[in-house]
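Letters A, B, ... are given to chains in the order of the sequence lines, protein chains preceding strands, and every chain is numbered from 1. Values in this document were obtained by computation on a predicted structure and should not be read as measured data.
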2 protein chains.
Amino acid sequence: MRPNKRDELVRKALEVFYRDGFHATGMDKLVVETGVSKTSMYKHFRTKEELILAALRLRDENFRNWFLRRIEELSNTPAGQLIAGFDALGEWFREDKFRGCMFIKAGAEYQDKDHPIHVQAAEHKRLLLEHFTRLARAAGARDPERLGCQILLLKEGAIVTAVLLNSCEPAQDAKAAAQVLLDAALAG
Amino acid sequence: MRPNKRDELVRKALEVFYRDGFHATGMDKLVVETGVSKTSMYKHFRTKEELILAALRLRDENFRNWFLRRIEELSNTPAGQLIAGFDALGEWFREDKFRGCMFIKAGAEYQDKDHPIHVQAAEHKRLLLEHFTRLARAAGARDPERLGCQILLLKEGAIVTAVLLNSCEPAQDAKAAAQVLLDAALAG
DNA sequence: GAAATTATTAACCGATCGGTACACATATAA
DNA sequence: TTATATGTGTACCGATCGGTTAATAATTTC
């Protein structure tokens, strides 16, 4: 039961869950796709839920690492980074494998607020909100909590809209909106 | 096969799909909850997918009727209605049975862009976008397409955030953001 | 090198999935 | 009354669900 084997399973499971959904992905499909036997799978993860939680942890790590790093590459001021986030989003939307936000989907499939999967999805959003709020404060916004939350709203809305609509440019429109909100929050 | 019986089945199916999700709701559960036999169910709907599509149609009708009517109750100017939408959202979020947006969830469970369920979910959002854009144009916004899309972004973001976060007031923050965007779009 | 531990496999478990076959009961039409 | 639709319920279909059992293969420990 070497640990890198486990990581490999989580990585593959993440890919399949993200592509096909949670309920729609059976353990048998994962067993086939990973090439491992079912018993081995259940040696590494006691239940399907545990595997989903592990996949979500990896996704959180991957996404936040990429997103925060990309933002820092695109700008070196807090205000600029708040805005640049939407350019990063646009890049993400244009990827072939883009399938929306895994945590929105997790929250949609496991709706009970006490369910561990829902809780973990919520935690991801909380961490993002925290980051946006921190940037808003560093930028000198009048009400950083509010601006941080508004930036989050725009980001989540852009993701959902990118998934469901072809008729507008969510990342661009969200970026423009964020700029207006930021200017207003700095002017006060 | 009287038509009101069919409507009753769709209404109940909508309730259960909304509460528990699509993949998580089996036809057997629906048969039990509606009290009808499985054969009768399949006389009314040839497949589960057909039942889901019927439920989504009803949901679209119910939601848009309620939302647009409520907006008109709250304000009688286009600009005011764009903003009042977020008060209506806040009322919705506070309902006991609030479980997020059924169309976001449908798009999340049926991700293939060509899947009939995904297409129908997208259509709902398109209709809302159209309405917002119309209001933005009537309000005299400089770029009504853009403002309409931004209002939609804020709405979708508020819904997602209301589902996943307890730490901010999405409807209020979205409303404040919408006001800033509207003012900017009118001032130009 | 033998013993003990760990990893892996195929086969299988009851439950549930979406969907049907068929017998029966009811209603209409002649 | 009899023939013909129409609607309903039971029982069942093969496939798949998440998860387990028992035997074997590989590795470690002494």
Side-chain angles (χ1 to χ4, degrees), chain A residues 1-57 105-106 108-112 114-118 120, chain B residues 1-57 105-106 108-112 114-118 120:
Chain A
M1 187 144 65
R2 54 201 177 284
N4 48 340
K5 180 74 177 179
R6 188 192 141 104
D7 290 350
E8 195 185 317
L9 293 178
V10 175
R11 205 177 320 126
K12 187 68 188 176
L14 165 56
E15 178 190 326
V16 181
F17 281 136
Y18 181 63
R19 192 208 322 135
D20 298 341
F22 299 100
H23 284 96
T25 301
M27 292 299 274
D28 294 274
K29 190 200 285 181
L30 289 170
V31 159
V32 170
E33 292 235 22
T34 56
V36 84
S37 82
K38 211 164 181 182
T39 314
S40 293
M41 187 67 95
Y42 275 95
K43 270 284 182 333
H44 289 285
F45 312 96
R46 276 164 42 214
T47 61
K48 181 185 182 181
E49 181 180 311
E50 199 173 296
L51 176 55
I52 292 177
L53 288 171
L56 287 177
R57 268 189 293 272
K105 296 193 282 187
E109 288 203 47
Y110 301 89
Q111 304 192 70
D112 185 347
D114 297 327
H115 194 294
I117 293 176
H118 189 101
Q120 188 155 321
Chain B
M1 191 143 67
R2 54 202 177 285
N4 48 341
K5 181 75 177 179
R6 188 190 141 105
D7 290 350
E8 194 185 318
L9 293 178
V10 175
R11 206 177 317 128
K12 187 68 188 176
L14 165 56
E15 179 191 326
V16 182
F17 282 136
Y18 182 62
R19 190 205 327 133
D20 299 340
F22 299 100
H23 284 94
T25 300
M27 291 300 273
D28 295 273
K29 191 201 287 182
L30 289 171
V31 159
V32 170
E33 292 233 23
T34 56
V36 85
S37 82
K38 212 166 180 181
T39 313
S40 295
M41 186 68 96
Y42 275 94
K43 270 282 177 345
H44 289 285
F45 312 97
R46 275 165 41 214
T47 61
K48 182 184 183 182
E49 181 180 310
E50 199 173 295
L51 175 55
I52 293 177
L53 288 171
L56 287 178
R57 268 190 293 271
K105 296 193 284 187
E109 289 205 46
Y110 301 89
Q111 304 191 70
D112 185 347
D114 297 328
H115 193 294
I117 294 176
H118 190 102
Q120 188 155 321

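- Side-chain to base pairing of B:Lys38 with C:dG19: one donor and one acceptor N or O lie within less than 3.5 Å of each other.
- Annotation: side chain of B:Val16 is in contact with side chain of B:Lys29 (closest heavy-atom distance under 4.5 Å).
- Computed from coordinates, the A:Ile52 CD1 to D:dC17 C1' distance equals 13 Å when rounded to whole Å.
- At whole-Å resolution of the value, NZ in A:Lys48 and P in D:dC17 are 8 Å apart.
- To the nearest angstrom, C1' of C:dT9 lies 13 Å from NZ of A:Lys5.
- Rounded to whole Å, the distance from OH on B:Tyr42 to P on D:dA11 is 19 Å.
- Cation-pi geometry between A:Lys105 and A:Tyr18 is met: the NZ or CZ atom falls under 6.0 Å from the ring centre, inside 45° of the normal.
- No side-chain heavy atom of A:Asp112 sits under 4.5 Å from any side-chain heavy atom of A:Ile117.
- Applying the 4.0 Å criterion to OP1 and OP2 of D:dG9, one finds that B:Ser37 has a side-chain N or O inside that range.
- The base of C:dA10 is paired with the side chain of A:Thr39 by a donor and an acceptor separated by under 3.5 Å.
- For B:Asp28, counting side-chain heavy atoms from C-beta on, the closest listed nucleotide (D:dG19, C:dG18, C:dT8) is C:dG18.
- We find that NZ of B:Lys43 is positioned 12 Å from P of D:dG9, with the value rounded to whole Å.
- If you measure from atom CZ of A:Arg46 to atom P of D:dT20, you get 10 Å, rounded to the nearest angstrom.
- Separating the CG atom of B:Leu30 from the P atom of C:dT16 is a distance of 15 Å, rounded to the nearest angstrom.
- Proximity of the aromatic rings of B:His23 and B:Tyr110 is defined here by a centroid distance below 6.0 angstrom, and this criterion is met.
- Nucleotide C:dT16 holds its C1' atom 15 Å from the CG atom of B:Asp20, rounded to whole Å.
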